[in-house]
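Only one structure is covered here, and it is reproduced in the block below.
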Amino acid sequence: MATQRVSSGASSINNVLTIAGSDPSGGAGIQADLKTFSALGTYGTSVITALTAQNTQGVRGVFPVPASFIAEQMATLLDDVTLDAVKIGMVASRDVAEVIADCIGHRRPRWVVLDPVMVAKSGDVLVDDAGIQAVRDILIPLADVITPNLPEAAVLLGGSTPESTAEMEAAMPALCCLGAPYVMLKGGHLQGGDCSDLLATPNSTTWLPAPRLAIDNLHGTGCSLSSAITACLANQPSEAPVEEAVRAAKQWLHAALQASTRLDVGQGRGPVHHFHEWW
């Protein structure tokens with residue numbers, strides 16, 4: 001059976017889906033994704049893959065949702081709602097990766113963005129070895145865009161974490177060989193005043209420069225960026241370059257980081273201000 005790409009072109013507001021874990025503090029995971037989708041003018045839907053016990057200071061526990069119920073969530077949603085883009089976040093097991101790939105493979109939206117969530121900002125490892133291999137072997141080839149940070153790139157490639165822009169460039173060919181046509185390697189873990197990202201497309205590699213902001217409110221930045229890319233891709237014309245959506249998402253996140261000081265959430269790394277343009 002051939003894979004079918006479906007778009008809800010009749011609607012002026014695009015429908016997007018996040019498949020990810022839940023964060024009770026509201027700064028990462030499903031909660032961050034839905035806020036981002038709304039802030040960028042798309043209608044957000046969600047399928048929960050795991051419950052977490054976490055706050056702005058760290059992760060205390062992860063309770064995976066059974067793969068069978070994830071399949072039921074997705075099938076029920078897709079029977080009713082036509083999607084323009086999907087963002088995949090936390091995937092805790094191979095069974096879950098297979099369920100996601102099967103559902104999306106049969107009713108694929110225009111865009112699939114994968115944020116290979118494996119290591120939290122606190123350093124907590126969130127996925128076991130089988131889950132890591134499943135992300136690498138099953139989900140990355142399914143995705144149009146992947147957005148690993150430097151520790152996640154190291155996990156995916158089974159090597160050391162890149163510590164310089166030169167090492168990021170050296171890691172990019174191997175990341176591209178994993179199967180996604182667009183790879184955004186995020187440089188936020190580098191030392192110094194610059195935290196540029198490296199974007200690889202099928203035809204070129206481009207640096208996306210960004211100054212480092214002197215703030216600690218970094219909880220959920222990876223989730224928010226990947227969901228912003230998802231929303232921007234859904235909203236732009238199909239023929240527009242992926243790089244345009246990535247740049248727009250980065251600009252939005254930069255403003256959300258700058259505005260995060262207006263929030264007072266938790267005692268650790270606070271969240272970005274997803275609705276900075278509204279309140």
Side-chain angles (χ1 to χ4, degrees), residues 17-37 44-74 76-77 86-101 103 113-140 146-156 158 161 186 188-189 216-227 260 263-274:
L17 166 66
T18 171
I19 306 170
S22 174
D23 171 18
S25 74
I30 288 281
Q31 289 83 351
D33 294 342
L34 291 175
K35 291 174 185 177
T36 303
F37 293 160
T45 63
S46 64
V47 167
I48 297 178
T49 61
L51 305 178
T52 69
Q54 68 173 297
N55 55 29
T56 63
Q57 301 179 73
V59 179
R60 297 183 185 176
V62 178
F63 185 82
V65 175
S68 60
F69 192 69
I70 293 173
E72 186 172 354
Q73 290 181 73
M74 292 190 65
T76 303
L77 174 67
V86 172
K87 173 259 176 80
I88 305 171
M90 183 179 179
V91 175
S93 71
R94 187 175 189 88
D95 288 348
V96 172
E98 290 173 345
V99 161
I100 293 171
C103 290
V113 177
L114 172 65
D115 182 16
V117 178
M118 298 173 181
V119 184
K121 276 287 186 298
S122 58
D124 297 290
V125 178
L126 302 174
V127 182
D128 62 19
D129 290 343
I132 292 168
Q133 184 174 351
V135 169
R136 185 170 55 235
D137 298 344
I138 298 173
L139 294 181
I140 289 180
I146 63 171
T147 61
N149 62 29
L150 300 185
E152 288 160 352
V155 170
L156 288 171
T161 301
K186 299 177 293 189
H189 285 80
D216 294 324
N217 296 328
L218 303 175
H219 183 59
T221 51
C223 301
S224 300
L225 178 59
S226 58
S227 54
S260 67
L263 301 175
D264 182 14
V265 181
Q267 302 174 59
R269 294 181 182 271
V272 307
H273 191 348
H274 298 88

Item to check | Nearest non-hydrogen partners of A32 and S227, listed with the distance | outcome: O-OG, 4.3 Å
Checklist entry - For I70 and I48, which heavy atoms make the closest approach, and how far apart are they? => result CG1-O, 3.8 Å
Item to check | L114: which of I88, V86, V91, I19 passes side-chain contact (heavy atoms from CB on, under 4.5 Å) | outcome: I88
Item to check | Any residue meeting side chain to side chain contact (heavy atoms under 4.5 Å, CB included) with F63, in chain and number order, not counting sequence neighbours | outcome: L51
Checklist entry - Which heavy atom of S260 sits nearest a heavy atom of P271, and at what distance? => result CB-O, 3.4 Å
Checklist entry - How many angstroms lie between atom CD of Q54 and atom OG of S22, to the nearest 0.5 angstrom? => result 8.0 Å
Checklist outcome for this item: Tightest non-hydrogen contact, residues G21 and M90, listed as N-CB, 3.9 Å
Next on the checklist: As an exercise, state the distance from CZ of R269 to OG of S25, rounded to the nearest 0.5 Å.
Outcome noted: 13.5 Å
Item to check | Stepwise side-chain contact (heavy atoms from CB on, under 4.5 Å) check, C223 with Q31 | outcome: CA-CA 9 Å; C223 301; Q31 289 83 351; over 6 Å; no
Checklist entry - Are T221 and L225 side-chain neighbours, meaning at least one heavy-atom pair lies under 4.5 Å? => result no
Checklist entry - Between the main-chain N or O of V47 and the side-chain N or O of Q73, is there a donor-acceptor pair closer than 3.5 Å? => result no
Item to check | Spacing of N149 atom CG and K186 atom NZ [to the nearest 0.5 Å] | outcome: 5.0 Å
Item to check | Residue of the set K35, H219, H274 for which side-chain contact (heavy atoms from CB on, under 4.5 Å) holds with S224 | outcome: H274
Item to check | Verdict with supporting geometry, T161 and H189, side-chain contact (heavy atoms from CB on, under 4.5 Å) | outcome: CA-CA 9 Å; T161 301; H189 285 80; 5.7 Å; no
Item to check | Taking every non-hydrogen atom, the tightest pair across G266 and T56 | outcome: CA-OG1, 3.6 Å
Checklist entry - With distance as the sole test, does T49 use its side chain to make a donor-acceptor pair with the main-chain N or O of A20 at under 3.5 Å? => result yes
Item to check | Derivation of the side-chain contact (heavy atoms from CB on, under 4.5 Å) call for E152 and D115 | outcome: CA-CA 10 Å; E152 288 160 352; D115 182 16; 4.2 Å; yes
Checklist outcome for this item: Nearest heavy-atom approach of T147 to S226 is OG1-CB, 3.7 Å
Atom pairs and distances, donor-acceptor, side-chain atoms in residues 132-140, under 3.5 Å, two or more places apart:
unit_1	atom_1	unit_2	atom_2	d
Q133	NE2	D137	OD2	3.3
R136	NH1	L156	O	3.1

Item to check | Derivation and outcome, side-chain contact (heavy atoms from CB on, under 4.5 Å), residues R60 and N55 | outcome: CA-CA 8 Å; R60 297 183 185 176; N55 55 29; 3.9 Å; yes
